[in-house]
K.L.:
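Structure in structure tokens, see below.
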There are 2 protein chains.
Amino acid sequence: MAIKDVLKAHDVKPTIVRIKIYDYLITNKNHPTADKLYKSLIDEIPTLSRTSVYNTMELFTRKNLVQTLTIEEKETRFDADTSCHGHFKCTECTEVFDFQVDISDIKHGLPADFMIIERHLYYKGLCSNCRQTTLPS
Amino acid sequence: MAIKDVLKAHDVKPTIVRIKIYDYLITNKNHPTADKLYKSLIDEIPTLSRTSVYNTMELFTRKNLVQTLTIEEKETRFDADTSCHGHFKCTECTEVFDFQVDISDIKHGLPADFMIIERHLYYKGLCSNCRQTTLPS
DNA sequence: GTATCTGCAAAACATTTGCAATTCT
DNA sequence: AGAATTGCAAATGTTTTGCAGATAC
């Protein structure tokens with residue numbers, strides 16, 4: 001399905017800015033911050049503003065086209081994969097990796113009448129690469 | 001054990017500011033932000049500054065006296081319970097609840113050579129109260 | 001031509017930094 | 001006195017806001 005049709009299917013009008021941003025997200029599954037999106041796209045869209053990136057991501061989140069990741073304070077990241085999965089952030093290279101996990105049926109101690117809408121699981125640690133580099137023992 | 005001894009046990013010199021902050025955290029298990037801590041303690045310690053709150057929380061985190069919660073962008077919260085447990089944030093009343101959960105042995109799809117150092121699980125939704133209030137059906 | 005989208009500049013906020021004043025031993 | 005702690009004021013960095021100009025149907 002073409003990108004513009006994905007946007008339309010989520011009730012989002014396909015504009016240049018939105019198509020390019022969504023394209024970036026699904027092409028580079030790298031959980032970018034707003035600033036990273038801006039810097040990555042400014043060459044392609046020289047008139048792009050940070051405001052538009054924020055506007056777009058707010059819209060995408062509302063329309064469920066992306067999910068918003070809050071792993072580290074001061075950096076909101078976006079993920080075009082809205083399915084339920086975990087995130088691993090390497091504290092050394094700062095890369096964020098997706099991982100598959102089923103957290104929908106974890107036994108938890110919450111009262112039964114709490115309504116759970118979103119579930120987030122993230123780990124922090126060292127990825128394979130950085131583990132070897134920083135702990136050369 | 002007296003608070004000052006808890007601090008000493010974690011290699012933290014017990015000063016008035018530090019004792020009051022730690023006292024607040026274990027007395028009100030309400031996952032306060034830095035600003036909430038500041039506002040809650042300014043009456044008791046009229047010379048208190050936000051800087052000291054930040055300094056203290058950074059020290060406490062480093063010395064493993066508290067854990068830092070990042071659930072929502074733009075609000076870092078602190079929890080004096082450093083054991084492994086989940087957090088539920090009610091999006092209506094903004095309250096954060098602890099819940100008991102065992103996530104140490106969740107089956108995940110990460111490569112075996114990733115070194116996991118921290119695990120965080122949080123849910124968002126509506127607590128019992130707000131569920132009744134906002135969905136009166 | 002009207003509604004929506006975009007972008008600039010300024011504002012808002014949380015957090016950090018540099019440095020001076022204070023406190024503790 | 002000397003080292004650590006504290007607090008002020010200014011700086012930083014991210015996100016938001018108001019509004020004007022551009023774009024689309």
Side-chain angles (χ1 to χ4, degrees), chain A residues 3-5 7-8 10-24 31-63 65-78 89 94 96, chain B residues 3-5 7-8 10-24 31-63 65-78 89 94 96:
Chain A
I3 289 176
K4 55 192 263 183
D5 295 320
L7 299 189
K8 277 183 193 168
H10 284 257
D11 194 29
V12 168
K13 273 194 201 137
T15 65
I16 284 289
V17 169
R18 292 169 183 175
I19 288 172
K20 291 286 186 192
I21 289 181
Y22 193 71
D23 189 10
Y24 181 91
H31 314 83
T33 61
D35 194 59
K36 167 124 195 190
L37 277 169
Y38 173 76
K39 288 185 173 132
S40 302
L41 293 170
I42 187 66
D43 284 342
E44 242 182 309
I45 317 172
T47 62
L48 185 66
S49 68
R50 271 170 236 272
T51 307
S52 295
V53 176
Y54 285 113
N55 285 343
T56 303
M57 298 323 292
E58 191 276 326
L59 177 67
F60 280 6
T61 304
R62 194 151 37 76
K63 297 298 189 178
L65 271 161
V66 301
Q67 80 180 111
T68 296
L69 307 187
T70 313
I71 297 180
E72 216 78 75
E73 65 269 44
K74 315 243 301 198
E75 61 170 42
T76 302
R77 290 162 173 270
F78 303 98
K89 169 155 180 173
T94 76
V96 174
Chain B
I3 289 177
K4 56 192 261 183
D5 295 319
L7 299 189
K8 278 183 192 167
H10 284 257
D11 194 28
V12 168
K13 274 195 201 138
T15 65
I16 284 289
V17 168
R18 293 169 181 174
I19 289 172
K20 292 285 185 191
I21 290 181
Y22 193 71
D23 189 10
Y24 181 91
H31 314 84
T33 60
D35 193 59
K36 168 124 194 188
L37 276 169
Y38 173 76
K39 288 186 174 132
S40 302
L41 293 171
I42 187 66
D43 284 342
E44 244 183 304
I45 317 173
T47 63
L48 184 66
S49 68
R50 271 171 236 272
T51 305
S52 294
V53 175
Y54 285 113
N55 285 342
T56 302
M57 297 324 293
E58 191 275 328
L59 176 67
F60 280 7
T61 303
R62 194 150 38 77
K63 297 297 189 177
L65 270 161
V66 302
Q67 80 178 113
T68 296
L69 306 186
T70 312
I71 298 180
E72 217 78 75
E73 66 268 45
K74 314 246 296 199
E75 60 171 43
T76 301
R77 291 163 173 268
F78 303 98
K89 169 153 180 174
T94 75
V96 174

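All values below come from the heavy atoms of this structure, side chains included, with hydrogens, waters and symmetry mates left out. Residue numbers start from 1 in every chain, and the chains themselves are labelled A, B, ... in the order their sequence lines are given, proteins ahead of strands. The model shown is predicted, which means the values in this text are computed figures rather than measured ones.
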K.L.:
Heavy-atom distance under 4.5 Å between the side chains of Tyr24(B) and Glu44(B), does that happen here?
P.N.:
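Of all side-chain heavy-atom pairs linking Glu44(B) with Tyr24(B), none is under 4.5 Å.
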K.L.:
Quick one: Tyr38(A) OH to dC8(C) C1', roughly how many Å, whole number?
P.N.:
11 Å
K.L.:
To the nearest Å, give me how far apart CG (Leu48(B)) and P (dT22(C)) are.
P.N.:
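Atom CG in Leu48(B) sits about 17 Å away from atom P in dT22(C).
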K.L.:
Would you say dG7(C) has OP1 or OP2 under 4.0 Å from some side-chain N or O of Thr47(A)?
P.N.:
yes
K.L.:
Kindly check if the number of other-residue, nucleotide or ligand heavy atoms within 6.0 Å of CD1 (Ile16(B)) is above 12?
P.N.:
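At most 12 heavy atoms, drawn from other residues, nucleotides or ligands, come within 6.0 Å of this atom.
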K.L.:
Can you find a pair of side-chain heavy atoms, one from Phe78(B) and one from Lys36(B), that are under 4.5 Å apart?
P.N.:
no
K.L.:
In whole angstrom, give the distance that lies between atom CG of Asp35(B) and atom P of dA12(C).
P.N.:
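My rounded result for the distance is 16 Å.
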K.L.:
Please check the phosphate of dG7(C) (OP1 and OP2 only) for any side-chain N or O of Ser49(A) closer than 4.0 Å.
P.N.:
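The answer is yes; a side-chain N or O of Ser49(A) sits under 4.0 Å from OP1 or OP2.
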K.L.:
So if I take every side-chain heavy atom of Ala34(B) and compare against dT15(C), dT6(C), dC8(C), which nucleotide ends up nearest?
P.N.:
dT15(C)
K.L.:
Rounded to whole angstroms, how far apart are CZ on Arg50(A) and P on dA10(C)?
P.N.:
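The answer, rounded to whole Å, is 16 Å.
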K.L.:
Holding to side chain to side chain contact (heavy atoms under 4.5 Å, CB included), I want the full list of residues that pass it with Asp5(A), two or more places apart in sequence or in another chain.
P.N.:
Met1(A), Ala2(A), Lys8(A)
K.L.:
With the side chain counted from C-beta on, respond yes when Phe60(A) and Leu7(A) share a heavy-atom pair under 4.5 Å apart, and no when they do not.
P.N.:
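Of all side-chain heavy-atom pairs linking Leu7(A) with Phe60(A), at least one is under 4.5 Å.
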K.L.:
Would you indicate what Thr15(B) reaches in the nucleic acid, counting non-hydrogen atoms under 4.0 angstrom: base, sugar-phosphate, or nothing?
P.N.:
sugar-phosphate
K.L.:
Starting from P on dT25(C), measure out to NZ on Lys13(B) and report it in whole angstrom.
P.N.:
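That distance rounds to 9 Å.
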K.L.:
Quickly work out the Glu72(B) CD to dC13(C) P distance and round it to whole Å.
P.N.:
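Distance check: Glu72(B) CD to dC13(C) P gives 17 Å.
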K.L.:
Under 4.0 Å: is that the gap between some side-chain N or O of Thr76(B) and OP1 or OP2 of dT15(C)?
P.N.:
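Thr76(B) to dT15(C) OP1/OP2: side-chain N or O found under 4.0 Å.
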K.L.:
Tell me the interatomic distance from Ile71(B), atom CD1, to dA14(C), atom P, rounded to whole angstroms.
P.N.:
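After rounding, the reported distance stands at 17 Å.
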K.L.:
Can you measure Phe78(B) atom CZ to dT15(C) atom C1' for me and round it to whole angstrom units?
P.N.:
10 Å
K.L.:
Identify which nucleotide among dT6(C), dC13(C), dT15(C) has an atom closest to any side-chain atom of Lys74(B), counting heavy atoms from C-beta outward.
P.N.:
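For Lys74(B), the side-chain atoms sit closest to dC13(C).
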K.L.:
I'd like to know if the side chain of Thr70(B) pairs up with that of Thr70(A) as donor and acceptor (distance under 3.5 Å, no hydrogens or angles considered).
P.N.:
no
K.L.:
Less than 4.0 Å between a side-chain N and a carboxylate O, is that true for Arg77(B) and Glu75(B)?
P.N.:
yes
K.L.:
When you list every nucleotide of DNA chain D with an atom under 4.0 Å from a heavy atom of chain B, which one comes first 5' to 3', and which comes last?
P.N.:
dA4(D) to dA9(D)
